S.K.: 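One structure follows; several queries about it will come next.
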Amino acid sequence: MKFFRIVIFMLWAIVVGVYSALAGQSALQEEVLVRRNADVVGKHPRGLILAEEVPTLRKRLSSGRYAGVAEALEREVNQLLFTLDSASIVAAEPLALSAEKLAVLYLFTGNERFAERAFHQLELLFEDEIIVKDPFSRGLTRAAVLRSVAIAYDFCFTGWTQPWRNQVNAELLKLIFNTQANMGREANYSLVSNWMGVRWGAVLLGGMVWDNPDSEQPSPIDPLVWDATKRLADHTQVNIYPQGWNAESIGYHIYNWSFIGPALIAFQNRRSHLSDGLKLLAPHALGSLKAMGAAMVSIPARAGLIGMKPDLSDDNLNLGTGLFGMAFRLYPQEQQATIKWMHDYLGDSSLYSVLYYPEDLVAENPTESNWLSQVDTTQGVVVFRNKFADSRDVVAAFNTSSKRIAGHKGPDVNTFRIIGGGAPLVIGGGRTNKIAGQTNLFTEKPASAGAGSPDPGRLEKYGFFQGGSGYAVGVGSSTGVVGHRRKFTANYDPRSGAVAVFLVEDQSENGQVWRLATPEFNQIKVHDSGYTILAPTGYALHVFALDGAVESAVSQELVPYGGSLSRVNPGIIWNNERYTHGKVIDFAMKQNLTVLLVLTGPNEALPSIERIPETNGIRVGGLKLKLEN
């Protein structure tokens, strides 16, 4: 009987909650209708750019680096509008995005026809029943719609009639309120999750550009902005670790920052005090570009998408745009020269680049700012890089997943990744909790559906040497291996005669399979003591089992990258193609195994490799390495 009373009470609470929410929505809709007739005034733009900066921006677009940007954007927008006009059903997000892009065109050119079309796209958007009119809709989509509407309102304000301004301002308030009040179905309410950065970033941006029609009364936006500001600061405190690494890894930081960054910029502009947004609301982010920039390589993926990075913490390999463009507005002056170098290196080409690019600033190679080596002890990730030059740069990352958060517990404890010579060479399993695609140690050949353990690992020690070389030691396992201790060494010393030399020394109580994963476009050539990974770029990663292999023969198979392709799992995008699988290659072993990996460039011979028993070492070319085991 007690159980049924509890069930009845819960059902009653749900009904009351839904009824109250719907009643609140009815009242909010009435408020929107009233406000549509209230004339709004305000100085615009003031969100991403200030009104007094617009003439300078338009002059800059007439020549130099960004000449032709407006024309290219207009062609892109026309294609998007053609697609939307031809569709029988149009979703809210592309409608909102079309309005945003038209608003950007108005900002760039001052041509009111773009502002007019932007308003008509918003009229269609405001009739959307799935996202805009449903307060319980998916919050990530609603937040993206809110961001676009806020930008469109701010940029187009001077090109709209007064009734148009009133209408959009009223609808903007409703979107802000709904996003602030409820993140919708499928939401992740963990404070550390990027969902919260998306939510409060969108609300804060909207609040910064919304206009109060009744200046005699307290603004209804003030409590929403106060709440969003406080919650956004709480979120960034836990989402970004003190040494700058993002709790959900690099790709999630870029996505999250696409909402947080604009909010911080608008926050600064309203305060009329540039460069205090990070200091006040996201101080940990002051180190985030160095923490994660060390792992970013300017490898072309497809048109408009440049850059690859290690796929750690349930992440994928590709980068997005905007991070370094926004940084010109947000980061301290002492970081700007390095930021500009990375911005150009990664081909960042977002709206933020057009708005903020510092033409006269002299770029400085990140090597000068000590970006070759990076550690974040909270996450337990260590990055070793050989140089900052071009797409052939080499990055090796070692990860213990020492901090495990709710949403992203990819089975990557004690794993390593290698990107070099223009291609990813050693990867993980992508966005999945399945272990089969991981580069790691196993107790047996893993089943394709086998899931990993969420237990954290531990970074035991690490060290950095000249030129980006160094080592890291981790303990722990996501794959059920008992007593797994792995030492990973990266060496870029030119005395080896190779591009790079890596050493992986594993100890365990029950390790039986040593697995390495590489993208399916790389070829595998087996030799007597291991195998060679041949990248299409001409680079070769030679893999040798030195001690502990049960047999010299290796086995290989294809494993779906990310488990299965989906909206959030695009596969491996590289060289204008999308790849759905990784190749995994296994050594059979017992408990302990030492593996040497030597990276050579196109048409370069493999340097001589020699064991040195008297010193428990190995010589690669003219470089001597001491083995720990």
Side-chain angles (χ1 to χ4, degrees), residues 297-301 308-311 317 384-387 389-398 415-428 439 467-469 488-504 514-546 549 552-559 561 572 574-575 577 579 581-587 593-611 618-623 625:
V297 185
S298 65
I299 297 172
M308 303 197 85
K309 56 171 178 56
D311 54 342
L317 281 159
F384 312 94
R385 187 181 188 122
N386 70 334
K387 58 185 173 65
D390 51 38
S391 64
R392 296 167 294 180
D393 295 347
V394 181
V395 164
F398 179 74
T415 57
F416 65 94
R417 309 282 188 261
I418 299 174
I419 300 172
L425 299 169
V426 179
I427 63 173
T439 294
S469 301
F488 178 82
T489 302
N491 198 299
Y492 303 120
D493 193 321
R495 289 179 296 175
S496 70
V499 175
V501 175
F502 307 100
L503 197 60
V504 184
W514 195 97
R515 172 165 288 192
L516 183 150
T518 193
E520 63 178 305
F521 52 75
N522 291 332
Q523 300 302 309
I524 309 299
K525 182 178 180 181
V526 177
H527 52 71
D528 288 344
S529 53
Y531 55 92
T532 296
I533 299 172
L534 301 167
T537 59
Y539 282 73
L541 185 65
H542 309 272
V543 183
F544 301 93
L546 297 183
S552 59
V554 299
S555 61
Q556 57 178 301
E557 63 181 284
L558 286 175
V559 173
Y561 186 76
I572 301 172
W574 180 81
N575 196 29
E577 297 288 344
Y579 297 90
H581 286 73
K583 288 178 180 175
V584 293
I585 313 102
D586 295 337
F587 283 129
L593 180 63
T594 298
V595 178
L596 175 72
L597 303 95
V598 181
L599 179 63
T600 57
N603 302 315
E604 291 181 354
L606 179 68
S608 61
I609 298 172
E610 179 185 1
R611 292 300 302 267
I618 186 169
R619 180 187 291 111
V620 180
L623 175 67
L625 297 171

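Predicted, not measured: the structure shown is a model, and the values here were computed from it.
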S.K.: About how many Å separate OG1 of Thr532 and CD of Gln523, when rounded to the nearest 0.5 Å?
M.R.: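 Nearest 0.5 Å value for the CD-OG1 distance: 12.5 Å.
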S.K.: About how many Å separate CG of Leu546 and CG of Leu503, when rounded to the nearest 0.5 Å?
M.R.: 7.0 Å
S.K.: Looking at Val620, is its backbone amide N or carbonyl O close enough to the side chain of Ser496 to form a donor-acceptor pair, meaning the two atoms are under 3.5 Å apart?
M.R.: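 No.
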S.K.: Looking at CZ of Phe384 and OG1 of Thr489, how far apart are the two atoms once the value is rounded to the nearest 0.5 Å?
M.R.: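 With rounding to 0.5 Å, CZ (Phe384) is 7.5 Å from OG1 (Thr489).
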S.K.: Closest heavy-atom contact between Leu425 and Ile533?
M.R.: O-CD1, 4.1 Å
S.K.: If you measure from CE on Met308 to CG on Leu317, what distance do you get to the nearest 0.5 Å?
M.R.: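 One finds 4.5 Å between CE of Met308 and CG of Leu317.
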S.K.: Ring-plane angle category for Phe398 and Phe488, please: parallel below 30°, perpendicular beyond 60°, tilted otherwise.
M.R.: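 Phe398 and Phe488: parallel rings.
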S.K.: Is the backbone N or O of Gly422 less than 3.5 Å from a side-chain atom of Trp574, with the two atoms forming a donor-acceptor pair by type?
M.R.: yes
S.K.: Can you see which heavy atom on Thr537 is nearest to which on Pro602, and at what distance?
M.R.: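 Here Thr537 and Pro602 meet closest at O-CG, 3.8 Å.
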S.K.: So, Asn386 side chain and Val394 main chain: donor-acceptor pair closer than 3.5 Å or not?
M.R.: yes
S.K.: When rounded to the nearest 0.5 angstrom, what distance separates CD1 in Ile609 from OG in Ser529?
M.R.: 7.5 Å
S.K.: How far apart are the closest heavy atoms of Leu534 and Ala540, and which atoms are they?
M.R.: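 The pair with the smallest heavy-atom distance is CD2-CB, 3.8 Å.
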S.K.: With a 4.5 Å limit on heavy-atom distance, are the side chains of Asp311 and Tyr561 in contact?
M.R.: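 In short, these two side chains touch, coming nearer than 4.5 Å.
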S.K.: How long is the span from the CZ atom in Phe587 to the CG atom in Leu593, to the nearest 0.5 Å?
M.R.: 7.0 Å
S.K.: How close do Tyr492 and Gly468 get, counting heavy atoms only, and between which atoms?
M.R.: CE1-O, 3.6 Å
S.K.: Check step by step if side chain to side chain contact (heavy atoms under 4.5 Å, CB included) holds for Leu597 and Leu516.
M.R.: CA-CA 11 Å; Leu597 303 95; Leu516 183 150; 3.8 Å; yes
S.K.: Is a side-chain donor or acceptor of Glu520 paired with a backbone partner of His581 at a separation under 3.5 angstrom?
M.R.: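 The answer is yes, because a donor-acceptor pair under 3.5 Å joins these two groups.
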S.K.: Quick one: do Leu606 and Phe544 satisfy side chain to side chain contact (heavy atoms under 4.5 Å, CB included)? Show the steps, please.
M.R.: CA-CA 12 Å; Leu606 179 68; Phe544 301 93; 3.6 Å; yes
S.K.: Is there a donor-acceptor pair under 3.5 Å between the side chain of Thr439 and the backbone N or O of Ala517?
M.R.: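 Yes, Thr439 side chain to Ala517 backbone: donor-acceptor pair under 3.5 Å.
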S.K.: Are any non-hydrogen side-chain atoms of Pro607 and Thr600 less than 4.5 angstrom apart?
M.R.: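 Yes. Closest side-chain heavy atoms under 4.5 Å.
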S.K.: May I ask you to test the Ile572-Ile427 pair for a side-chain heavy-atom distance under 4.5 Å?
M.R.: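 In contact.
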S.K.: Does the side chain of Pro310 reach to within under 4.5 Å of the side chain of Ile419, using non-hydrogen atoms?
M.R.: yes
S.K.: For Ala423 and Phe521, work out which heavy atoms get closest and say how close.
M.R.: CB-CE1, 4.3 Å
S.K.: Quick one: are Val499 and Arg392 in side-chain contact, heavy atoms under 4.5 Å?
M.R.: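 In short, these two side chains do not touch, never coming nearer than 4.5 Å.
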S.K.: Closest approach of Ala490 and Ala396, non-hydrogen atoms and distance?
M.R.: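 Looks like CB-CB, 4.4 Å.
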S.K.: Under a 3.5 Å distance rule, please check whether Lys583 uses its side chain to pair with a backbone N or O of Asn522 as donor and acceptor.
M.R.: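 Such a contact is found between Lys583 side chain and Asn522 backbone.
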S.K.: Would you indicate whether the side-chain heavy atoms of Ile524 and Thr518 approach each other to under 4.5 Å?
M.R.: yes
S.K.: A side-chain contact here means heavy atoms from C-beta on lying under 4.5 Å apart; do Ile618 and Thr594 qualify?
M.R.: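 Answer no - side chains too far apart.
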